[in-house]
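What you are looking at is a predicted structure, and each value in this text was computed from that prediction instead of being measured.
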Amino acid sequence: MGKHKHVIDISDVPLDKLNAPADSAFGGTRRRVGSHIGAQKLGYSFFYVPPGKAAFPFHTHTGNEEMIYIIEGEGVLRFGKDELTVMPETIIACPTGAESPHQLINTGPNELRYLVVSTMDFPDICEYPDSNKVGAYATAAVGSRVGHRALYLKATKVDYYDGESGEEIERIVKATPRS
């Protein structure tokens with residue numbers, strides 16, 4: 001294959017281990033193809049999830065729409081209140097919004113392999129219905145301009161002015177000459 005910055009053989013994309021806790025229901029690896037070939041508005045990654053695992057928790061997005069294409073293996077797609085069997089050549093649309101929480105679980109005896117394409121629209125707020133968390137993501141998790149990415153429990157809500165001492169306001173007011 002000829003060399004070009006926007007063309008790559010999948011075997012040349014590093015295989016990254018998902019940052020899941022050891023001995024949990026989550027795990028797998030991925031190849032972040034989009035970030036390696038200069039994609040700007042779409043993210044695309046190939047996922048490899050072992051039997052009995054899911055790559056990610058049940059979640060929704062407010063900013064990023066996703067498309068999933070099953071390449072190999074079988075599993076169950078949790079989509080809202082539905083549980084649907086998926087197999088090779090299944091295509092899944094995951095629109096944004098609270099009514100579209102989704103998760104893929106490998107229920108087969110072999111590795112579940114799939115491609116995810118996402119719109120990479122940031123900021124993105126994600127909700128995790130199983131754990132009552134919210135994720136605030138200012139940027140993608142990879143690349144030269146990674147910004148704020150954090151998770152919070154919904155139960156730890158604070159008032160808008162909590163933690164705001166006003167010290168800087170007072171400092172500026174005191175330092176500003178009055179006429």
Determine the minimum heavy-atom distance between [X] and [Y], stating which atoms define it.
X    : Y    : result
P51  : P109 : CG-O, 3.3 Å
Y152 : H148 : OH-NE2, 3.3 Å
K17  : T29  : CA-CG2, 4.0 Å
G63  : T119 : O-OG1, 3.8 Å

TODO: Step by step, work out the side-chain contact (heavy atoms from CB on, under 4.5 Å) result for Y114 and R30.
DONE: CA-CA 10 Å; Y114 55 93; R30 81 170 132 208; over 6 Å; no
Task: With H6 via ring-ring contact (aromatic ring centres under 6.0 Å, His included) - residues at least two apart - done: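 H6: ring-ring contact (aromatic ring centres under 6.0 Å, His included) contacts with H4.
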- [ ] Check ring-ring contact (aromatic ring centres under 6.0 Å, His included) between F56 and all other residues, then give those that pass, not counting sequence neighbours.
- [x] F47
Open item on the list: Applying ring-ring contact (aromatic ring centres under 6.0 Å, His included) as the test, list every pair that has at least one member in residues 70-100; sequence neighbours left out.
Closed with: none
Open item on the list: Quick test of your reading: applying ring-ring contact (aromatic ring centres under 6.0 Å, His included), list the pairs with at least one residue in residues 12-34, sequence neighbours left out, ordered by first then second residue.
Closed with: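 As it turns out, there is no ring-ring contact (aromatic ring centres under 6.0 Å, His included) pair with a partner in residues 12-34 once direct neighbours are skipped.
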Test side chain to side chain donor-acceptor pair (under 3.5 Å) applied to [X] - qualifying residues, sequence neighbours left out:
X    : answer
S11  : D9
Y48  : R31
E111 : R113
D130 : R78

Check whether [X] and [Y] end up in the same hydrophobic cluster, where Ile, Leu, Val, Met, Phe, Trp and Tyr are linked by side-chain heavy atoms less than 4.5 Å apart.
X    : Y    : result
L84  : V49  : yes
L151 : L153 : no
V117 : V13  : yes
V33  : I71  : yes
I10  : L42  : yes

[X] side, atom [atom1]; [Y] side, atom [atom2] - distance, nearest 0.5 Å:
X    : Y    : atom1 : atom2 : result
C126 : K133 : SG    : NZ    : 11.0 Å
I70  : L104 : CD1   : CG    : 4.5 Å
S35  : Q40  : OG    : CD    : 11.5 Å
H59  : S131 : NE2   : OG    : 11.5 Å

- [ ] Could you tell me whether the side chains of D124 and N64 share a donor-acceptor contact shorter than 3.5 Å?
- [x]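 The answer is yes; a qualifying pair exists.
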Open item on the list: Any donor-acceptor pair under 3.5 Å linking the side-chain atoms of E127 with those of H61?
Closed with: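 Side chains of H61 and E127: no pair found under 3.5 Å.
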Are the side chain of [X] and the backbone N or O of [Y] linked by a donor-acceptor pair below 3.5 Å?
X    : Y    : value
Q103 : P101 : no
N106 : G108 : yes
H36  : G34  : no

Open item on the list: Between T62 and Y137, is there a side-chain heavy-atom distance shorter than 4.5 Å?
Closed with: no
Open item on the list: Is any side-chain heavy atom of I37 closer than 4.5 Å to one of Y44?
Closed with: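 When only atoms from C-beta onward are counted, I37 and Y44 do touch, with a gap below 4.5 Å.
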Open item on the list: With side chain to side chain donor-acceptor pair (under 3.5 Å) as the rule and sequence neighbours excluded, what pairs involving residues 68-77 come up?
Closed with: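 Counting only pairs at least two positions apart or across chains, no side chain to side chain donor-acceptor pair (under 3.5 Å) contact touches residues 68-77.
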Identify each donor-acceptor pair in which a side-chain atom of residues 85-99 lies under 3.5 Å from a protein atom, sequence neighbours left out, and give them as a table.
| unit_1 | atom_1 | unit_2 | atom_2 | d |
| --- | --- | --- | --- | --- |
| T90 | OG1 | M87 | N | 3.1 |
| T90 | OG1 | M87 | O | 2.7 |

- [ ] Kindly give the cluster partners of I169, where membership spreads through any ILVMFWY side chain lying under 4.5 Å from a current member.
- [x] V173
Task: Residues clustering with I125 (ILVMFWY side chains joined when closer than 4.5 Å, directly or via others) - done: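 For the cluster that includes I125, the remaining residues are V134.
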TODO: Answer yes or no: does atom CG of D162 have more than 12 heavy-atom neighbours from other residues, nucleotides or ligands under 6.0 Å?
DONE: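 More than 12 heavy atoms, drawn from other residues, nucleotides or ligands, come within 6.0 Å of this atom.
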